[in-house]
Participant: 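Questions regarding the structure given below will be posed in turn.
Per chain, numbering begins at 1; letters A, B, ... match sequence-line order.
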Protein chains: 2
Amino acid sequence: MTTSGSEQLLRGAGLRVTRPRTAVLDAVHAFPHADTESIIGAVRRGLPEVSHQAVYDSLAALTEAGLVRRIQPSGSVARYESRINDNHHHVVCRTCGAIADVDCAVGHAPCLTASDDSGFRIDEAEVIYWGQCPACSTASAQQ
Amino acid sequence: MTTSGSEQLLRGAGLRVTRPRTAVLDAVHAFPHADTESIIGAVRRGLPEVSHQAVYDSLAALTEAGLVRRIQPSGSVARYESRINDNHHHVVCRTCGAIADVDCAVGHAPCLTASDDSGFRIDEAEVIYWGQCPACSTASAQQ
DNA sequence: CGCGTTTTCTTGAACGAGTCAAGAAAACGC
DNA sequence: GCGTTTTCTTGACTCGTTCAAGAAAACGCG
């Protein structure tokens, strides 16, 4: 993802193009599932003076515009990713918190339809698989 | 759920039986999906002097023992429920945060198997449906 | 029942992700 | 360029949750 590509995305979404925003969007592309603090760090490598608030604001604007997606498994801080609109899910390591992408199990439908929606108008189904990543799984098996 | 029933559950799980714990367990049974502050309030109706820390500790012990389940949709504080071990999921209102139970879509299997687990050893699949509850849906349709 | 050990509870401080607010600076349409 | 609108900087602050130390309660055992 080049900065000019990010610029295109921002304009396309009707957002003003600012240096913090392009840098944040670049960072989310570069580091999928990064938390806000990591994103602040990545942004500051190219733009040392950005305030944390600018990053928070940018992430909120980008999320609102649908350019990034915010995920937040229980017990984790907010994380962001740029893979959007493809109905993928996540697997989270209970031990170290690592996150990996998972495509929807059976095509796209089954997880999206509740058996009884209690009258709710459902627009999204979010699936989080919990378990252990390969490294933690190996580590715990060895003792 | 009577207090003596809660006592049974605690003993069965190998936990010491204390007044805060039975009260917390009762409260979680009485108010499904309640957050910690609501549980503190409910517990204090019968036990006015409990500290908030005792409630936090009790909830942690009960969660650890598998007597209650902790859920925490993005943007929400921690919530607890006593319906456990039946693989049910939740639907959350984007507008007011209301939560309702949802049985798993197709029997029990489909949501539990990732198509590609990236080497993770998965032990649970958590599904959160996002949408609007009947009340908020009606309210937003009217304007 | 009483005792000692272990766990839990009380009290109060602290942490940290995230938010709020006011003014300065930057973006963008004209 | 210019003016309006949005965004960014700075810094304080909120609030759910956790940490820590000592007091109190639970429970196994004699």
Participant: Residues two or more places apart in sequence or in another chain: which of them pass side chain to side chain donor-acceptor pair (under 3.5 Å) with B/Thr63?
Facilitator: none
Participant: Among all residues two or more places apart in sequence or in another chain, which pass the side chain to side chain donor-acceptor pair (under 3.5 Å) test with B/Ser76?
Facilitator: B/Arg79
Participant: So, using side chain to side chain donor-acceptor pair (under 3.5 Å) as the criterion, who are the partners of B/Asp123 when residues are at least two apart?
Facilitator: A/Arg94
Participant: Rounded to the nearest angstrom, tell me the gap between atom CG in B/Leu15 and atom P in D/dG28.
Facilitator: 13 Å
Participant: Which residues pass the ring-ring contact (aromatic ring centres under 6.0 Å, His included) test with A/His33, not counting sequence neighbours?
Facilitator: A/His90
Participant: Find the distance A/Arg79:CZ to C/dA17:P and express it as a whole number of Å.
Facilitator: 11 Å
Participant: For A/Thr36 and C/dA17, is the shortest distance between a side-chain N/O and OP1 or OP2 below 4.0 Å?
Facilitator: no
Participant: What pairs with A/Arg83 under side chain to side chain donor-acceptor pair (under 3.5 Å), at least two apart in sequence or on another chain?
Facilitator: A/Asp86, A/Asp101, A/Asp103
Participant: Hey, what do you get for CD1 (A/Ile40) to OG (A/Ser58), rounding to the nearest 0.5 Å?
Facilitator: 10.5 Å
Participant: Kindly write out the residues that satisfy salt bridge (Lys or Arg N to Asp or Glu O under 4.0 Å) with A/Arg70, not counting sequence neighbours, or none if the list is empty.
Facilitator: none
Participant: Within this structure, what is the NE2-CD1 distance for the pair B/His89 and B/Ile99, rounded to the nearest 0.5 Å?
Facilitator: 14.5 Å
Participant: Could you go through nucleotides 23-27 of chain C and list every protein N or O atom that sits under 3.5 Å from one of its N or O atoms, giving the distance for each pair?
Facilitator:
unit_1: C/dA27; atom_1: N3; unit_2: A/Arg16; atom_2: NH1; d: 3.2

Participant: Could you measure the distance from the CG atom of A/Leu62 to the OG1 atom of A/Thr22? Nearest 0.5 Å is fine.
Facilitator: 10.0 Å
Participant: Near A/Arg19 CZ, under 6.0 Å, is it more than 12 heavy atoms from other residues, nucleotides or ligands?
Facilitator: no
Participant: What residues in residues 54-78 of chain B put a non-hydrogen atom under 4.0 Å from any atom of DNA chain C?
Facilitator: B/Ala54, B/Ser58
Participant: Sorted by first residue and then second, give each ring pair (Phe, Tyr, Trp, His ring centres under 6.0 Å) pair with at least one member in residues 49-69 of chain B; sequence neighbours left out.
Facilitator: B/His52-B/Tyr56
Participant: How far does CD1 of A/Ile39 sit from CG of A/Leu59, to the nearest 0.5 angstrom?
Facilitator: 5.0 Å
Participant: Would you sketch DNA chain C in dot-bracket for me? Only Watson-Crick or G-U wobble pairs with both distances under 3.5 Å count, crossing pairs as [ ], other-strand pairs as |, the rest as dots.
Facilitator: ||||||||||||||||||||||||||||||
Participant: Restricting to pairs with a member in residues 49-69 of chain B, which pass salt bridge (charged side-chain N to carboxylate O under 4.0 Å, His left out), not counting sequence neighbours?
Facilitator: B/Arg69-B/Glu81, B/Arg69-B/Glu124
Participant: Strictly below 4.0 Å, heavy-atom distances to any atom of DNA chain D: list the hits from residues 38-53 of chain A, or just say none.
Facilitator: A/Glu49, A/Val50, A/Ser51, A/Gln53
